[in-house]
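Order of appearance sets the numbers: ligands from 1, and atoms from 1 within every ligand.
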Amino acid sequence: MRVLITAERIQERVGELAQLIGPEYRDRPLTIVGVLTGSVMFLADLVRRLDIPLRIGLIQASSYRGAATTPGALRVGADLLAEVRDRHVLLLDDILDTGQTLKQLVQHLHDQGALSVKVCVLLRKQDRQVHDVRVDFVGFEIPDEFVVGYGLDYNDEYRQLPHVAVLPRES
Ligand code: IMP
Ligand code: MG
């Protein structure tokens with residue numbers, strides 16, 4: 001598979017993101033909420049670069065995109081989510097594609113009483129966003145290709161790769 005972003009470049013960029021994020025939340029009660037499962041590598045690396053007090057939460061979002069289900073239906077599994085009331089939330093995901101997942105999760109976190117909700121994604125796919133969601137921190141802008149690695153999967157595989165690679169299209 002063709003490597004799109006090397007492990008070294010990812011680590012360097014995660015450090016830069018930590019430099020941007022840290023000052024925003026100094027002296028504010030911060031909970032970083034990772035979207036399962038794709039954000040786990042990013043979450044683990046990012047929090048270790050932040051030298052501010054913080055809590056970690058996890059949230060699950062399963063989208064039904066099959067022909068038989070309503071387009072846009074998303075199930076939020078919040079059982080794992082710690083209390084975010086009166087806390088500032090930074091929502092972390094692997095990739096912003098159409099924006100459907102993050103838009104609904106942002107709303108959910110507001111509904112749970114978060115003081116503020118900002119969004120950080122490792123990757124943003126160009127020209128794919130159809131849902132209006134404000135993203136505050138972006139690791140890398142990437143072309144519209146299907147990518148795997150560093151948390152991102154195809155059929156739940158390849159998440160463990162330390163880099164991001166382009167999955168060849170079936171032909
Ligand atoms: P959205 O709701 O359309 O923005 O989709 C976001 C979710 O789709 C991500 O959290 C990923 O799980 C998945 N996704 C979108 N594009 C890719 C990709 O290129 N590789 C792997 N997963 C992807
Ligand atoms: Mg995902």
Side-chain angles (χ1 to χ4, degrees), residues 1-11 13-14 17 21 31-47 56-82 84 89-112 114 117-171:
M1 274 190 279
R2 179 165 61 88
V3 175
L4 187 66
I5 310 170
T6 63
E8 292 71 26
R9 185 68 191 106
I10 293 172
Q11 292 307 318
R13 184 66 184 139
V14 169
L17 288 171
I21 292 165
T31 301
I32 298 191
V33 175
V35 182
L36 289 170
T37 303
S39 75
V40 294
M41 314 288 167
F42 185 30
L43 175 69
D45 285 340
L46 181 69
V47 294
I56 294 173
L58 294 167
I59 196 164
Q60 197 166 23
S62 338
S63 47
Y64 299 100
R65 292 181 182 176
T69 55
T70 321
L74 185 103
R75 193 171 51 106
V76 175
D79 314 353
L80 297 166
L81 185 65
V84 295
V89 170
L90 179 66
L91 185 58
L92 211 67
D93 205 357
D94 50 1
I95 189 165
L96 178 73
D97 186 19
T98 67
Q100 177 194 296
T101 311
L102 287 171
K103 186 184 168 94
Q104 298 197 39
L105 291 178
V106 166
Q107 187 56 53
H108 179 82
L109 290 160
H110 278 301
D111 293 347
Q112 297 302 304
V117 182
K118 288 198 174 187
V119 173
C120 174
V121 291
L122 180 74
L123 308 175
R124 176 160 64 191
K125 255 190 217 182
Q126 275 155 23
D127 305 324
R128 288 279 299 166
Q129 282 88 69
V130 293
H131 298 271
D132 154 50
V133 48
R134 197 194 128 115
V135 179
D136 302 278
F137 305 97
V138 177
F140 303 93
E141 304 281 352
I142 64 163
D144 182 10
E145 297 192 85
F146 197 86
V147 291
V148 295
Y150 197 69
L152 292 125
D153 74 301
Y154 172 68
N155 270 350
D156 259 326
E157 289 180 20
Y158 308 112
R159 292 194 199 274
Q160 77 280 13
L161 300 176
H163 54 261
V164 171
V166 177
L167 193 77
R169 286 174 206 272
E170 285 169 50
S171 52

Proximity to ligand 1 by part of [X], non-hydrogen separation under 4.0 Å:
{"X": "Asp153", "answer": "backbone"}
{"X": "Glu145", "answer": "backbone"}
{"X": "Val35", "answer": "neither"}
{"X": "Leu152", "answer": "side chain"}

Does Asp144 CG have over 12 foreign heavy atoms under 6.0 Å away? yes
Just jot down the ligand 1 atoms closer than 4.0 angstrom to any heavy atom of [X], in number order.
{"X": "Thr98", "answer": "1 (P), 2 (O), 3 (O), 4 (O)"}
{"X": "Thr101", "answer": "1 (P), 2 (O), 5 (O), 6 (C)"}
{"X": "Asp93", "answer": "10 (O)"}
{"X": "Lys125", "answer": "16 (N), 17 (C), 18 (C), 19 (O)"}

Tell me if a side-chain donor or acceptor on [X] pairs with a main-chain N or O of [Y] at a distance below 3.5 Å.
{"X": "Arg13", "Y": "Gly139", "result": "yes"}
{"X": "Gln60", "Y": "Val35", "result": "no"}
{"X": "Asp136", "Y": "Val119", "result": "yes"}
{"X": "Thr6", "Y": "Arg9", "result": "yes"}

I'd like to know whether ligand 1 has Val147 as a neighbour, heavy-atom separation below 4.0 Å. yes
Could you work out, for atom 4 (O) of ligand 1, the closest of Gly151, Gly149, Gly99 by heavy-atom distance? Gly99
Students often mix this up, so state it plainly: with edges at 30° and 60°, are the rings of Tyr154 and Phe146 parallel, tilted or perpendicular? perpendicular
Please find the pair of heavy atoms, one from Glu145 and one from Arg2, that lie closest to each other, and give the distance. OE2-NH2, 3.1 Å
